[in-house]
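Here is the structure we will look at.
Heavy atoms only: backbone and side chains are in, while hydrogens, waters and symmetry mates are out. In the text below, chain A, chain B and the rest are named by the order of the sequence lines, each starting its count at 1.
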2 protein chains.
Amino acid sequence: MAAAEPVTLKVLAKELGLNVSTVSRVLNDPAGPDSKWASAQTTARIFALARERGYTRNPHAASLRTARSNMVGVIVPRLQDFVLATMYEGVDEAATEQGLFTVVANSLDKAETQRAKAEMLLERRADGLIFGDAHLTEPYLEELKGRGVPFALINRTCGEHLSVTCDDYAGGRLVAEHLISTGRTRFGVIAGDPTTSTSQDRTRGFLDVMREKGINVLEDRIIHGGFDAAAGQKAAIGLLAHPEKPEAIFAVNDFAAIGALGVLQERGIRVPDDIALAGFNDTPLAAGVNLTTVRSPMHEIGRQGLQTLQHLIGGGTVASTKLAPTLIVRASG
Amino acid sequence: MAAAEPVTLKVLAKELGLNVSTVSRVLNDPAGPDSKWASAQTTARIFALARERGYTRNPHAASLRTARSNMVGVIVPRLQDFVLATMYEGVDEAATEQGLFTVVANSLDKAETQRAKAEMLLERRADGLIFGDAHLTEPYLEELKGRGVPFALINRTCGEHLSVTCDDYAGGRLVAEHLISTGRTRFGVIAGDPTTSTSQDRTRGFLDVMREKGINVLEDRIIHGGFDAAAGQKAAIGLLAHPEKPEAIFAVNDFAAIGALGVLQERGIRVPDDIALAGFNDTPLAAGVNLTTVRSPMHEIGRQGLQTLQHLIGGGTVASTKLAPTLIVRASG
DNA sequence: ACGTATGCCGCAAACGTTTGTGTAAGCCGC
DNA sequence: GCGGCTTACACAAACGTTTGCGGCATACGT
């Protein structure tokens, strides 16, 4: 067990009687074994020795030289959120395929934290950023654009900034059409954080259908708050406090829906017989509690988010994307 | 809007009429403003200009020179899992406090993927690794130890390897004592993946109490599988297939418990009147569906996991830690 | 007054890559 | 048999840090 000296291009080159530049070029050539940078024989010898010695390029040296880190930073409200965790998985999967790697950070949906984390990632020389926590008014994104930092949004849109999202408006419509088709006429909405596009678009889609069908959803039956189970519980309690209980509730998010479900069960309200309930995203727990919901392609949103960013970095011309949702009808509604 | 040339030590030094070495030393001195590397005046000038120009150290250059990346790699079964996501948040929080940063990867609980991701992280020159996906037999960890790679385990233990976990055995005991105290005598266990310490320790704790109280839990009432809602559903169906239904079910994991809950409700079985149900971890959804469970300090496990690793890297002497769980009694049991 | 300590700072060599440019040898066509 | 073209490599300069060493003052001790 020798001193375990690191195996660098230099030691490979010396052993092969070559210059580091040649070794570097061959090893980096995407053409692989039939690189045009050396004779077939030399190329083979280089690959053989590199493999034998277990050579791995020092990414710090490479990044220093090329001024590219091959790293993209991802900022999400919170990784604990299944939805964002899934999208991040999609981002990371696509990144790995492209030879990139990702670093993720929680913003807790707070502007200052978002900014701090983003700046930290930029200090680490991220080549680009992906935001999963955009709010409808977002001066920081403008600033970044001004600074020429490449970035893309996932999950939530924000103005004209490049984004990959679910077609939330369409998803809201799906739920509305379904619940109306079951014959209900009084509705409540657990609408999530009003400063986000997901909240707004989903409820807008829902309400547009209601309006089109001539159904009036009272303003005070639309309850805003957060996206988690606790917010769902609180909103449900609010909706049930009305003299005329709703016949169906649309929560724009599965977690909020499950929180609401807990309240209903606690009070002995039968679902869906007394009140129907629908969520959004089709997280596994929705299946676990038989919740009607809208499936959004979370993983794919992440994947395309990274691809979009990469095109942007590559200087290509890219446009925002909206992926289609699917209604999943289960026992709750 | 000039060519936006990067602001390096060199440009600072030139502007100040100093040498880069001086600037570097002052900027790196943990003593901060009263560094002993330069006169108070010079130090002030350096800090002033650095701030004005918005200097940020190039981490690639620094890492190249120092051969330390200040990055630790974290490997988890899956970030979608709330429990591991929370632990990772703890890791990352502690890392940020220490001026480190983290990169996380999913292993999907598969040995090959775990190895592949770990090696990728090491190629990126991670200073150390944290595993949240250890299995009871784990040759790779032995190999890493042999190679001198610093690492720590969180969530699950494995042999004598350094770890920070919840005291799962104690948690299992808590559940057993509680369920017995409610007067039930026939039990079923949804035991999760048997190749993990969490599964084994939690069920062993549970069964030890049962044995101590003279209660016999039949072998076929202990159903193994995964840790997710789907596995919970399947296991619950299995348990209900018995002629004598259990009076209480302990799922070693909240998600599995929620899956089981769905099956019970679907069949019109009242919880807890007909069957009591308890989970493990106290995820927010447990509160959402009023599930009795065991609270494990997930975030803190992550934090201490990082601290442990850091001590290990620093050459200190460290021992494994088990953090105490708390029983949370809710409506389900 | 002389030697030594201390404060303050510069010099220069790494760290491991990537990449523009240089240069021999061999082959071609004529 | 000579110019030009390709093949197959070598040379060397960066990229931005960190850090051992050295040097010149001024202050201090005796």
Side-chain angles (χ1 to χ4, degrees), chain A residues 3-31 33-47 49-50 53-71 99 123-125 127, chain B residues 3-31 33-47 49-50 53-71 99 123-125 127:
Chain A
E5 70 159 329
V7 31
T8 71
L9 283 184
K10 184 150 52 175
V11 326
L12 291 188
K14 179 173 296 180
E15 182 136 355
L16 290 163
L18 291 173
N19 187 281
V20 293
S21 62
T22 307
V23 181
S24 170
R25 285 192 240 254
V26 168
L27 254 24
N28 283 341
D29 195 323
D34 32 52
S35 156
K36 65 186 186 61
W37 286 107
S39 69
Q41 236 220 354
T42 310
T43 304
R45 285 176 56 224
I46 292 178
F47 274 111
L49 189 68
R53 286 273 191 282
Y55 170 79
T56 61
R57 142 165 64 263
N58 184 318
H60 301 123
S63 290
L64 174 58
R65 173 60 223 246
T66 61
R68 290 195 81 237
S69 60
N70 290 325
M71 156 194 147
E123 280 180 26
R124 299 280 183 182
R125 278 15 185 213
D127 290 337
Chain B
E5 70 159 329
V7 32
T8 72
L9 284 184
K10 184 150 52 172
V11 325
L12 292 188
K14 178 173 296 179
E15 182 136 353
L16 291 163
L18 292 172
N19 187 281
V20 292
S21 61
T22 306
V23 182
S24 170
R25 284 191 242 256
V26 168
L27 254 23
N28 282 342
D29 195 325
D34 33 51
S35 158
K36 66 184 184 62
W37 285 108
S39 69
Q41 233 221 357
T42 312
T43 303
R45 285 176 58 225
I46 291 178
F47 275 110
L49 189 68
R53 285 277 190 279
Y55 170 77
T56 61
R57 146 168 57 263
N58 184 319
H60 301 124
S63 290
L64 174 58
R65 174 60 223 245
T66 62
R68 290 196 82 237
S69 60
N70 290 326
M71 152 190 150
E123 278 180 28
R124 298 281 182 183
R125 294 333 195 240
D127 291 338

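At a threshold of 4.0 angstrom between heavy atoms, the contacts of A/S63 with the nucleic acid are absent.
Scored by the side chain to side chain donor-acceptor pair (under 3.5 Å) test, A/E15 finds A/R53 as partners (sequence neighbours excluded). Under the side-chain contact (heavy atoms from CB on, under 4.5 Å) criterion, B/A62 pairs with B/R57, sequence neighbours left out. With sequence neighbours left out, A/T66 forms a side chain to side chain donor-acceptor pair (under 3.5 Å) with no residue at all. Checked against side-chain contact (heavy atoms from CB on, under 4.5 Å), A/K10 has the following partners two or more places apart in sequence or in another chain: A/T8, A/V20. Taking the side chain to side chain donor-acceptor pair (under 3.5 Å) definition, one finds that B/R125 meets it with A/T56, sequence neighbours left out.
Residue A/S39 has its side chain nearest to D/dA8 when only C/dC9, D/dA8, D/dG16 are considered. When each of C/dC9, C/dT17, D/dA8 is scored by its nearest atom to the side-chain atoms of A/T8, the top-ranked nucleotide is C/dT17. Of the candidate nucleotides D/dC9, C/dG16, D/dT17, D/dT17 has the atom nearest to the side chain of B/N58.
Put simply, CG on B/L64 is 12 Å from P on D/dT17, counting in whole angstrom units. Put simply, CH2 on B/W37 is 12 Å from P on D/dC21, counting in whole angstrom units. Remark: P of C/dC8 and CZ of B/R45 are 14 Å apart, rounded to the nearest angstrom. The interatomic distance linking A/L12 (CG) with C/dT17 (P) rounds to 8 Å, in whole Å. Separating the CG atom of A/L9 from the P atom of D/dC11 is a distance of 16 Å, rounded to the nearest angstrom. Atom NE2 in B/H60 sits roughly 12 Å away from atom P in D/dT17 (whole-Å rounding). In this structure, A/R125 places its CZ atom 21 Å from P of C/dT17, rounding to the nearest Å. Following rounding to the nearest Å, A/N70 (CG) and C/dT17 (P) show an atom-to-atom distance of 15 Å.
Here the rule is side-chain contact (heavy atoms from CB on, under 4.5 Å) with A/V23, and of A/V11, A/I46, A/L49 only A/I46 fits it.
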- Could you go step by step and tell me if B/S69 and B/R124 meet the side-chain contact (heavy atoms from CB on, under 4.5 Å) rule? CA-CA 8 Å; B/S69 60; B/R124 298 281 182 183; over 6 Å; no
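OP1 or OP2 of C/dT19 has not a single side-chain nitrogen or oxygen of A/T66 nearer than 4.0 Å.
DNA chain D is contacted by A/N19, A/S21, A/T22, A/R25 of residues 19-29 of chain A, taking any non-hydrogen atom closer than 4.0 Å.
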